[in-house]
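Here is the structure we will look at, set down as structure tokens.
Because the structure is a prediction, the values reported are computed rather than measured. Counting starts at 1 for both ligands and their atoms, in listed order.
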Amino acid sequence: MVWPDDRLRQPSVAIEKVDDSIRELYQDLVDSMYAENGLGIAALQLGDNRRMFIVEPKLAGRPETDPPVAFINPEIIATSDEQQDSEEGCLSFPDIYVKVKRPLRAKVRAMGMDGQPFECEGEGLLARCLLHEYDHLTGKLLVDFVGPLKRTMIKKKLTKLKGAEASDAEA
Ligand code: NI
């Protein structure tokens, strides 16, 4: 879903175990991420407040043919002092890019779809992606990194886009 939608700001809730409903959520995330050509997506972006996101396998350091990597109940356990500064996009902000300063490296601990804990350490784009998806689970969004003027511009652009989609659906 596209910002401003209140569901993007919901508090997220921890997942107790990987059951059929989590496997269903995982499949919805995979389908949505690939449909939009995203590198990652968080459950809150589908209006689901369970604490989980996925990352595209190649970016996460797995073989390209692997399924996307699920991060359930993720925690950021380390970040570097060294920073990176580049443009960032988000499926909830179509065609919007915002310059965001983030640590160059980040290490995340999470539970996988097999119910086992694992760690993932990323540098550059992977670190950025992990931190971006983690932000979603805390309700933090790209617009929180910009000033009030740019925020208003983004809101105007996305509200217009939403209006255009609504009239397409009516037609
Ligand atoms: Ni995003």
Handout entry: Distance-only donor-acceptor check, side chains D31 and Q27, under 3.5 Å
Key =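 Side chains of D31 and Q27: pair found under 3.5 Å.
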Handout entry: Heavy-atom pair of closest approach, residues L130 and A106
Key =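 Looking at all heavy atoms of both residues, the closest pair is CD1-O, 4.2 Å.
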Between side-chain atoms of residues 11-18 and protein atoms elsewhere (two or more places apart, or another chain), which donor-acceptor pairs fall under 3.5 Å?
from: S12; atom 1: OG; to: R51; atom 2: NH1; distance (Å): 2.6
from: S12; atom 1: OG; to: L137; atom 2: O; distance (Å): 2.9

Handout entry: Set of residues satisfying salt bridge (Lys or Arg N to Asp or Glu O under 4.0 Å) with respect to R23, sequence neighbours excluded
Key =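 If we apply the salt bridge (Lys or Arg N to Asp or Glu O under 4.0 Å) test to R23, skipping adjacent residues, the hits are D20.
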Practice task
Just jot down the salt bridge (Lys or Arg N to Asp or Glu O under 4.0 Å) partners of D144, sequence neighbours excluded, or say none.
Solution key: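 In terms of salt bridge (Lys or Arg N to Asp or Glu O under 4.0 Å), with neighbours along the sequence ignored, D144 is linked to R9, R151.
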Exercise for the section: Answer yes or no: does atom CG of D81 have more than 12 heavy-atom neighbours from other residues, nucleotides or ligands under 6.0 Å? Expected result: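 No, because the 6.0 Å sphere around CG of D81 holds 12 heavy atoms or fewer from other groups.
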Practice task
Could you tally the protein N/O/S atoms lying less than 2.8 Å away from the Ni ion (ligand 1)?
Solution key: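 If we list every protein N, O or S atom nearer than 2.8 Å to the Ni ion (ligand 1), we get 3.
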